[in-house]
Amino acid sequence: MNEHYYQEANHAVEMEKQRQYKAAEYAWKRAAEYANNPKNKAYASGRALLNNKRHSLDKRYWLLKRLHAGQKQKKAIEEAFQTHPDEEKAS
């Protein structure tokens, strides 16, 4: 039994649960290096690739969410000025 492989794989699973996909990717890569069984090596390599994609998608999701929130806030401010044009001119 390869203890290093299982330690790295368990660490990678914990990182996935915490949504730390980049750390999980590196842990799976290390697990693949320690794996003696070709099936374990292939599985760990596949998980590393999956977490790389997850990291990329998760990062883009939060960037788009922040952008969308900023656009909604800008739109709300514009609507507020349109509903009260006299107050804007009085300033």
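When a residue number appears, it is its place in the shown sequence, counting from 1. Keep in mind that this is a model prediction, so the values were computed, not measured.
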Heavy-atom side-chain contact between E33 and E8 under 4.5 Å: no
Stepwise side chain to side chain contact (heavy atoms under 4.5 Å, CB included) test for E25 and L50: CA-CA 8 Å; E25 176 191 358; L50 172 68; over 6 Å; no
Intermediate values then yes/no, side chain to side chain contact (heavy atoms under 4.5 Å, CB included), R19 and Y21: CA-CA 6 Å; R19 297 174 53 100; Y21 301 123; 3.6 Å; yes
Cluster link L49 to Y26, ILVMFWY, side chain under 4.5 Å: no
Minimum heavy-atom distance K41-A32, with the two atoms named: NZ-O, 2.9 Å
A12 versus A27, closest heavy-atom pair with distance: CB-CB, 3.6 Å
Over all atoms of both residues, closest heavy-atom pair of W28 and A9: CZ3-CB, 3.7 Å
N52 side chain vs A48 backbone, donor-acceptor pair below 3.5 Å: no
From H11 atom NE2 to R30 atom CZ, the distance as rounded to the nearest 0.5 Å: 5.5 Å
Taking every non-hydrogen atom, the tightest pair across Y5 and A31: CD1-O, 3.1 Å
